[in-house]
Amino acid sequence: MKLRTLLVGLVAAGFSMVAAAQQPMIIKFSHVVAENTPKGQGALKFKELAEKKLPGKVTVQVFPSSQLFGDAKEMEAVLLGDVQFIAPSLSKFDRYTKKIQIFDLPFLFSNPEAVDRFQDSPEGLALLDSMTKQGIKGLGYWHNGMKQMSTNKDVLKRPDDVKGLKFRIQASDVLEAQFRAVGANPQKMAFSEVYQALQTGVVDGQENTWSNIYSQKFFEVQKTIAETNHGVLDYMVITNAKWWDGLPADVRAGLASAMNEATKFSNGLASEFSKRDRQKIQEAGKAKIQELSKEDLAAWQKVMEPVWKKFEAGIGADLIKAAMKSNK
Ligand code: LMR
């Protein structure tokens with residue numbers, strides 16, 4: 001009798017082990033933006049490709065709009081293994097590496113093409129591995145675009161127009177210095193809180209890409225959006241280095257290949273989405289889009305210039321030089 005019980009138990013355990021072995025691995029990709037954005041679409045493409053390349057082996061769950069983790073928690077969640085992929089803005093890595101602050105220097109890149117060239121250069125690619133000591137592996141850069149500045153005021157042309165105004169910023173010391181340089185009051189705040197903060201007047205303004213201004217409806221609660229293009233907002237897709245290195249080789253290769261293709265796909269959408277969303281904001285007629293003259297732009301550039309000196313030592317003068325070369 002005892003032997004029979006033992007045998008039945010062993011067979012049952014065997015079955016459940018086989019079943020467990022056949023269960024696809026659940027992989028979570030969390031992000032903070034809407035689905036109708038370059039990052040939102042890139043994450044969905046990654047899911048589609050990963051599941052196609054690794055049938056039955058992985059299931060990718062995508063969580064948009066800070067549903068799973070918001071800005072404050074997502075990095076820790078990767079390190080704790082609670083989520084496998086996130087794609088924070090390059091402004092949100094301060095705590096882990098000073099070098100990535102390069103992307104926040106105001107007026108460093110003339111346009112998204114220059115950003116792309118730098119990211120693809122040996123110096124840019126090396127930054128993907130700049131946080132391995134902290135357990136973070138960078139898998140690629142995803143584009144969003146150049147940032148515009150917006151406020152709840154009728155006039156927004158020159159730095160004087162933002163003196164004393166409160167601006168929401170991403171968690172970045174460079175962006176903090178940038179707004180202090182123009183005489184404004186920056187406040188670090190999670191992305192998911194920005195709409196309400198603008199609506200209730202907790203802050204007067206913000207800076208973001210056309211895609212984020214449109215998809216988060218910031219244009220409904222701002223009066224003027226100045227076309228400053230003063231900085232870039234792009235992303236690094238990251239994962240937990242230990243988890244990644246510990247994956248079965250075939251799974252890692254399949255995920256890497258899916259990520260490369262999703263990266264190309266997402267990056268191919270970014271400039272089209274910028275144009276499309278700028279147009280939609282214009283058509284909505286709620287916020288005025290203020291174009292700026294060369295003189296206006298030069299005035300912004302001049303007051304923001306001291307920010308470069310302040311962060312040069314941490315970033316590295318050579319890296320700044322390399323980035324400047326990408327402007328051609
Ligand atoms: C922001 O916080 O404004 C952006 O980084 C959000 C995003 O992921 O595009």
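Whatever order the structure lists ligands and atoms in, that order sets their numbers, starting from 1.
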(request) Kindly indicate, with the supporting measurements, whether the criterion side-chain hydrogen bond (donor to acceptor under 3.5 Å, both in side chains) is fulfilled by Asn260 and Thr263. (result) CA-CA 5 Å; Asn260 285 341; Thr263 297; 5.3 Å; no
(request) Answer with yes or no whether the side chains of Gln148 and Asn208 bring together a donor and an acceptor at under 3.5 Å. (result) no
(request) Spell out, as yes or no, whether a donor-acceptor pair under 3.5 Å connects the side chain of Thr224 to the backbone of Thr151. (result) no
(request) Using a strict cut-off of less than 4.0 Å between a Lys/Arg side-chain nitrogen and an Asp/Glu carboxylate oxygen, indicate whether Lys280 and Glu283 qualify as a salt bridge. (result) no
(message) Applying a heavy-atom cut-off of 4.0 Å, say which part of Thr209 lies close to ligand 1: side chain, backbone, both or neither.
(response) neither
(message) Looking only at protein heavy atoms, which one is nearest to atom 1 (C) of ligand 1, and what is the separation?
(response) Phe191 CD1, 3.3 Å
(message) Using a 4.0 Å cutoff against the non-hydrogen atoms of Val33, which atoms of ligand 1 qualify?
(response) 7 (C), 8 (O), 9 (O)
(message) Just checking Phe118 against Phe103, ring centres under 6.0 Å apart?
(response) yes
(request) Enumerate the atoms of ligand 1 whose separation from the nearest heavy atom of Ser89 is less than 4.0 angstrom. (result) 5 (O)
(message) So is Gln206 touching ligand 1 or not, going by heavy atoms under 4.0 Å?
(response) no
(request) Measure Leu233 to ligand 1 on non-hydrogen atoms and call it side chain, backbone, both or neither using the 4.0 Å cut-off. (result) side chain
(request) Write out the residue and atom name of the closest protein heavy atom to atom 9 (O) of ligand 1, then the distance separating them to 0.1 Å. (result) Tyr235 OH, 2.4 Å
(message) Between Lys163 and Asp160 (salt bridge meaning N to carboxylate O under 4.0 Å), is one present in this structure?
(response) yes
(message) Is there a polar contact between ligand 1 and Asn212, counting only N or O atoms under 3.5 Å apart?
(response) yes
(request) Please work out which of the three classes, parallel, tilted or perpendicular, describes the rings of Phe85 and Phe29, given edges at 30° and 60°. (result) tilted
(request) Would you please say whether a donor-acceptor pair under 3.5 Å links the side chains of Asn240 and Gln84? (result) no
(request) List every atom of ligand 1 that sits less than 4.0 Å from any heavy atom of Val32, numbering the atoms from 1 in the order shown and giving each element. (result) 6 (C), 7 (C), 8 (O)
(message) Which residue and atom name correspond to the protein heavy atom nearest atom 5 (O) of ligand 1, and how close is it?
(response) Gln170 OE1, 2.7 Å
(request) Could you tell me whether ligand 1 has any atom less than 4.0 Å away from a heavy atom of Lys92? (result) yes
(message) Within the structure, is a non-hydrogen atom of Arg168 found at a distance of less than 4.0 Å from ligand 1?
(response) yes
(message) Taking Lys328 first and then Glu113, would you say they form a salt bridge - that is, a charged N and a carboxylate O separated by under 4.0 Å?
(response) no
(message) Checking a contact table here: which protein heavy atom is nearest atom 8 (O) of ligand 1, and how many Å away?
(response) Lys39 NZ, 2.7 Å
